[in-house]
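This report concerns only the one structure given below.
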Amino acid sequence: MRIKPIYFAREAIDNMCKNFAMSSAAISTAALSLFLVGVFLLMFFIWNSFTVETLSKLEIEVFLKDTAASEQVQEFQNKILSWDEVDTIKYVSKDEALERLKEKLKDKPEILQAMTGNPLPPSIRIFLRDAHSTEMIVGKIRNYPNLESVVENSKQDIKYGAEYIDKLFSIISIIGWVGLSAAALLCFASIVLIINTLRLNIFARRKEVAIMRLVGASKWFVRWPFLLEGMLQGLIGATIAIGFLYFIKVWVLRKVIEMIPFLNISISGPLFTKLMLGMILGGILIGATGSSIALRRFLKV
Amino acid sequence: MRIKPIYFAREAIDNMCKNFAMSSAAISTAALSLFLVGVFLLMFFIWNSFTVETLSKLEIEVFLKDTAASEQVQEFQNKILSWDEVDTIKYVSKDEALERLKEKLKDKPEILQAMTGNPLPPSIRIFLRDAHSTEMIVGKIRNYPNLESVVENSKQDIKYGAEYIDKLFSIISIIGWVGLSAAALLCFASIVLIINTLRLNIFARRKEVAIMRLVGASKWFVRWPFLLEGMLQGLIGATIAIGFLYFIKVWVLRKVIEMIPFLNISISGPLFTKLMLGMILGGILIGATGSSIALRRFLKV
Amino acid sequence: MIKMKNVTMAYDGVNPALDEINLQVDRGEFVFLVGPSGSGKSTLIKLLIRELVPTKGEIFIAGHDVVHMKTKKVHLLRRNVGCVFQDFKLLPNKTAYENVAFALEVIGKPEHAIKVQAPEVLKLVGLNGKFDRYPGELSGGEQQRVSLARAFVNRPPLLLADEPTGNLDPNISLEIMSLLDRINKTGTTVLMATHDREMVNNVRKRVVALEHGKLIRDQARGVYGYED
Amino acid sequence: MIKMKNVTMAYDGVNPALDEINLQVDRGEFVFLVGPSGSGKSTLIKLLIRELVPTKGEIFIAGHDVVHMKTKKVHLLRRNVGCVFQDFKLLPNKTAYENVAFALEVIGKPEHAIKVQAPEVLKLVGLNGKFDRYPGELSGGEQQRVSLARAFVNRPPLLLADEPTGNLDPNISLEIMSLLDRINKTGTTVLMATHDREMVNNVRKRVVALEHGKLIRDQARGVYGYED
Ligand SMILES: Nc1ncnc2c1ncn2[C@@H]1O[C@H](COP(=O)(O)OP(=O)(O)OP(=O)(O)O)[C@@H](O)[C@H]1O
Ligand SMILES: Nc1ncnc2c1ncn2[C@@H]1O[C@H](COP(=O)(O)OP(=O)(O)OP(=O)(O)O)[C@@H](O)[C@H]1O
Ligand SMILES: [Mg+2]
Ligand SMILES: [Mg+2]
């Protein structure tokens with residue numbers, strides 16, 4: 001038996017046009033639910049870029065003995081820089097430390113006025129590639145053999161906001177976790193919703209399926225047009241959803257950025273491209289599987 | 001002609017049971033999309049309670065002259081307390097101010113050691129009912145007639161984190177705005193999705209509608225059972241959605257609170273009750289309107 | 001009872017399925033509507049219950065203007081016109097009993113009256129014992145008889161029957177015919193489209209013949225075709 | 001061609017619609033299946049194309065075991081058995097032409113062959129000029145003829161026809177009958193359920209009569225009923 005791809009494609013498109021009421025419902029359902037998923041993922045991406053930014057601002061600061069020999073400090077710095085997890089380090093001299101304090105306390109000049117001399121120690125600021133390795137690096141510093149030659153008190157003089165980091169991490173992880181569950185929920189919902197409409201469409205046409213079978217159509221002969229139709233509906237739905245998403249990305253996001261310029265929100269192009277591809281593939285896949293699942297019980301004639 | 005509420009109700013339930021494939025699709029669509037709306041609103045409520053908490057921590061602090069006479073300070077305090085927008089005020093003496101500084105700088109004892117005497121002025125901390133009136137109250141304080149008798153420099157000595165407040169407000173407003181749009185989008189989506197399935201259901205039964213009309217049924221006679229069926233499906237969907245939401249409120253939220261005990265997350269009972277009521281009413285309403293809109297074109301026989 | 005004046009019905013707006021039909025049927029008459037397949041019999045019946053609106057012309061049933069009737073009044077017309085449809089038009093999710101009962105529910109009959117009348121009529125068409133079957137569980141002829149039962153259960157003054165014996169064997173056809181005759185005797189006007197030559201020729205009632213949408217013959221006590 | 005051994009079909013598992021049927025039809029025969037409404041004619045035909053599976057018994061068509069056939073093989077059987085359904089079973093979203101063409105698409109006929117055969121068959125049943133009509137736009141009899149055209153367009157060795165003239169006037173019925181006769185003469189086995197007494201009595205072919213699901217008569221060159 002000849003296989004007839006052109007016939008199947010024509011049938012699929014024909015059916016979609018002739019059952020406009022049904023296919024428009026399927027397409028709008030697909031568009032809406034994929035759009036919801038897309039909007040959510042966009043928000044998630046933005047949130048992620050925030051946390052990356054926030055975390056990149058975390059640092060470890062090691063306060064040095066006033067009396068530390070400069071070669072030993074240099075050696076210490078080299079050691080730290082040799083670790084993979086460390087991005088850069090910055091040496092802060094006593095004078096720079098005072099400058100920074102002045103900057104910080106510019107609201108409370110009376111405190112500075114009351115200070116005599118420069119009580120501040122020099123320090124090394126350590127910036128990590130990934131804030132998650134903070135504790136580990138702190139541990140490594142504490143195990144540095146010559147630590148006592150550069151640092152007075154290994155408990156007190158290595159600062160990294162232990163408490164703050166814990167909170168931040170747990171908030172980020174909880175939000176990530178909630179976001180992930182929500183993403184899963186939305187994906188699940190959109191799959192169910194799309195499959196629901198496809199099921200209804202095919203249910204409404206179950207008699208046609210039975211007739212086709214009774215007239216001698218093989219299961220695949222019946223299935224192909226429905227499958228293609230489902231895929232096409234998924235594809236069209238996804239395309240519409242992407243159109244709206246693109247509008248949001250370009251137009252709404254610009255508005256938001258105008259309103260809060262101090263948060264630098266942006267979505268990288270490649271990420272958006274991936275999202276679009278994912279939605280299109282998802283739409284087609286859901287359409288195909290939805291149709292074939294829905295068809296199964298009516299093909300048993 | 002007699003109206004037959006019992007007959008209509010029986011018809012509605014009958015139809016729902018006999019068209020199980022269709023009504024299950026409608027119910028699951030309603031349940032899922034109302035659930036999504038509900039989850040989102042829950043998250044929104046939680047976010048709101050956060051911002052309320054955060055904003056309630058904002059305060060205005062007025063630093064007083066060391067030389068201010070205590071009656072004048074008292075008068076000043078009374079004046080401030082008399083404003084409606086002010087919730088409470090707290091007088092901070094020089095000693096208390098030093099204590100607070102010590103607490104704040106406990107990480108940097110070297111600074112305190114370098115300080116001689118107590119350079120800190122006494123101050124009045126002002127807590128507002130609503131952080132939005134901060135600027136207004138600051139303006140009122142600046143216009144206080146005897147200000148120079150208690151405050152040295154009206155620019156410098158009234159502190160309220162102007163910059164911080166602006167940022168916070170715009171972030172809160174932007175998130176509120178995004179949240180609101182998302183809520184509107186979700187509500188809209190869930191209405192469209194539910195109506196879509198109802199439309200498909202009725203589309204699949206358009207021939208029945210035509211037959212009923214041809215046998216002499218009035219429009220309302222045909223409409224009532226469909227209307228009740230739609231309402232019932234909306235109700236059942238909403239009930240299922242509420243069931244899952246309740247599970248989330250009770251079980252998932254507890255987990256989350258366990259994981260981040262320092263953020264005090266909670267959802268007030270009355271709010272949740274309102275949410276439940278809203279969802280049930282929404283479900284019924286969407287079901288009724290969806291059915292009747294979908295029916296309209298098929299009733300014109 | 002029925003009055004059609006210059007009625008033309010063209011589905012596509014050009015080729016008339018019914019062409020300038022003039023027909024008058026008086027109260028209490030029994031009329032056979034005959035004609036080859038595709039001659040417009042069903043179309044004529046559909047016009048009478050306003051399933052269709054004619055392209056041109058006037059239709060009156062019991063004095064009511066069917067053509068200009070408002071959609072929301074149409075059901076009142078239909079309650080007074082029983083109709084056996086060529087394709088039965090049974091509600092698939094209702095049993096035979098419920099289908100017949102539906103025509104009574106629609107006019108607001110109380111339940112106890114329905115419980116008496118519907119079974120009675122179903123028995124009359126020979127469906128005793130099949131009350132609780134869904135249309136899909138009935139044979140073609142049985143479905144046709146349910147449709148017939150539904151059409152006259154509420155004793156309408158006008159009964160339209162579109163080939164009500166097409167799926168029935170000669171014996172049952174004869175019974176149905178005599179049933180229709182009895183219904184007619186009680187004063188009901190009956191218009192019956194049919195292909196059953198034997199039946200038409202045997203009972204000798206008024207025959208209206210269509211061909212290609214034209215009324216070609218209207219004969220009291222007529223026969224199915226001239227060739228007889 | 002057809003062999004039924006002790007076939008019983010009880011829809012509800014208790015009351016048989018067909019009761020211990022034994023029937024053998026040889027290649028090239030023409031058989032009328034008669035019986036009152038509800039006697040089991042359609043059920044028998046549905047069993048032969050495996051729309052239904054019998055409660056009990058064996059069915060063979062051209063030597064193939066229909067009862068134990070796998071679902072995914074059934075379409076191969078159906079391609080060799082043309083069937084005119086009592087309720088037509090036309091695809092509502094396809095035109096008359098497409099409905100007939102579908103039976104050819106299904107067996108993988110190339111488009112150019114379809115473009116020749118389908119119109120030819122439609123003309124044969126008298127539907128010239130109505131190729132592009134949807135079933136909903138055809139009269140009852142026209143739909144029935146589309147169903148008939150679809151059933152034999154791919155020249156199946158076995159043709160089942162369930163009251164194929166129920167909605168047709170006597171003249172067209174006669175034409176259809178002679179068409180079926182011609183098809184039969186080319187070697188096709190024909191089994192035709194019918195209520196048309198005149199037709200059965202006129203042509204005098206083998207008659208199989210059912211009553212209450214029982215095979216009560218099997219007569220070569222028979223008549224519709226004994227009472228004739
Ligand atoms: N919806 C429609 N659209 C277009 N043409 C139609 C439609 N319905 C019927 N026709 C055409 O109108 C003509 C009359 O149809 P009608 O159904 O009235 O015939 P009929 O006399 O009832 O035939 P039968 O005896 O076969 O039932 C036919 O040629 C048919 O093809
Ligand atoms: N799906 C079903 N479920 C239950 N009973 C059924 C079903 N289909 C048919 N029947 C019963 O089986 C019997 C035979 O039905 P069948 O359709 O074979 O009759 P038939 O000889 O074709 O009658 P007709 O001439 O009226 O078409 C009837 O009594 C019918 O009520
Ligand atoms: Mg007709
Ligand atoms: Mg039958």
Side-chain angles (χ1 to χ4, degrees), chain C residues 11-12 15 17 34-43 45-46 85-88 125-127 129-130 132-145 162-163 165-176 193-201 209-211 213 224-225 227-228, chain D residues 11-12 15 17 34-43 45-46 85-88 125-127 129-130 132-145 162-163 165-176 193-201 209-211 213 224-225 227-228:
Chain C
Y11 286 101
D12 56 3
N15 307 305
V34 303
S37 172
S39 58
K41 302 180 296 298
S42 298
T43 304
I45 285 174
K46 286 175 186 168
F85 300 93
Q86 190 169 12
D87 53 354
F88 317 148
V125 295
L127 286 178
K130 296 188 172 153
D132 292 335
R133 295 272 192 84
Y134 290 95
E137 302 170 351
L138 291 170
S139 82
E142 287 162 353
Q143 290 179 44
Q144 192 157 45
R145 284 177 276 163
D162 199 350
E163 308 192 22
T165 60
N167 289 272
L168 298 176
D169 57 287
N171 289 338
I172 297 186
S173 294
L174 221 64
E175 281 174 35
I176 295 296
T194 187
H195 286 310
D196 196 327
R197 188 188 342 215
E198 257 182 283
M199 188 185 291
V200 175
N201 292 350
L210 295 177
E211 206 175 291
Y224 184 85
E227 65 274 281
D228 257 26
Chain D
Y11 287 100
D12 55 3
N15 307 305
V34 302
S37 174
S39 57
K41 303 181 293 299
S42 298
T43 304
I45 285 174
K46 284 175 186 166
F85 300 92
Q86 190 168 13
D87 54 355
F88 318 148
V125 295
L127 287 177
K130 293 185 177 157
D132 293 336
R133 295 271 193 84
Y134 290 96
E137 301 171 351
L138 291 171
S139 81
E142 287 161 353
Q143 290 177 44
Q144 192 157 42
R145 284 177 277 163
D162 200 351
E163 308 193 22
T165 60
N167 289 271
L168 298 176
D169 56 286
N171 289 338
I172 297 185
S173 295
L174 222 63
E175 281 172 37
I176 295 295
T194 187
H195 285 310
D196 194 329
R197 189 192 337 219
E198 256 182 282
M199 188 184 293
V200 176
N201 293 350
L210 295 176
E211 207 175 293
Y224 185 86
E227 66 275 281
D228 257 25

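Quick note on labels: first sequence line is chain A, next is B, and so on, each numbered from 1.
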>> Looking at every non-hydrogen atom in both residues, tell me the closest pair between D/Y224 and C/P170 and how far apart they are.
In response: OH-CD, 3.2 Å
> Closest heavy-atom contact between C/G35 and C/K41?
Replying inline: O-NZ, 3.0 Å
Which atoms of [X] come close to chain D, meaning under 4.5 Å heavy atom to heavy atom: side chain ones, backbone ones, both, or neither?
X	answer
C/L168	both
C/S37	both
C/N167	both
C/E142	both

>> Using 0.5 Å steps for rounding, measure from the CD1 atom of D/I45 to the CD atom of D/Q86.
In response: 8.5 Å
> What is the distance from atom CG of D/D196 to atom OG1 of D/T165, rounded to the nearest 0.5 Å?
Replying inline: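 OG1 of D/T165 is found 5.0 Å from CG of D/D196.
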> Pick from C/D12, C/L138, C/D169: which one has the most heavy-atom pairs with chain D under 4.5 Å?
Replying inline: C/D169
>> Can you tell me which of C/G40, C/S173, C/G140 forms the most heavy-atom pairs within a distance under 4.5 Å of chain D?
In response: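 Highest number of pairs under 4.5 Å: C/G140.
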>> Is any side-chain heavy atom of D/R145 closer than 4.5 Å to one of D/I172?
In response: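 Yes, side chains in contact.
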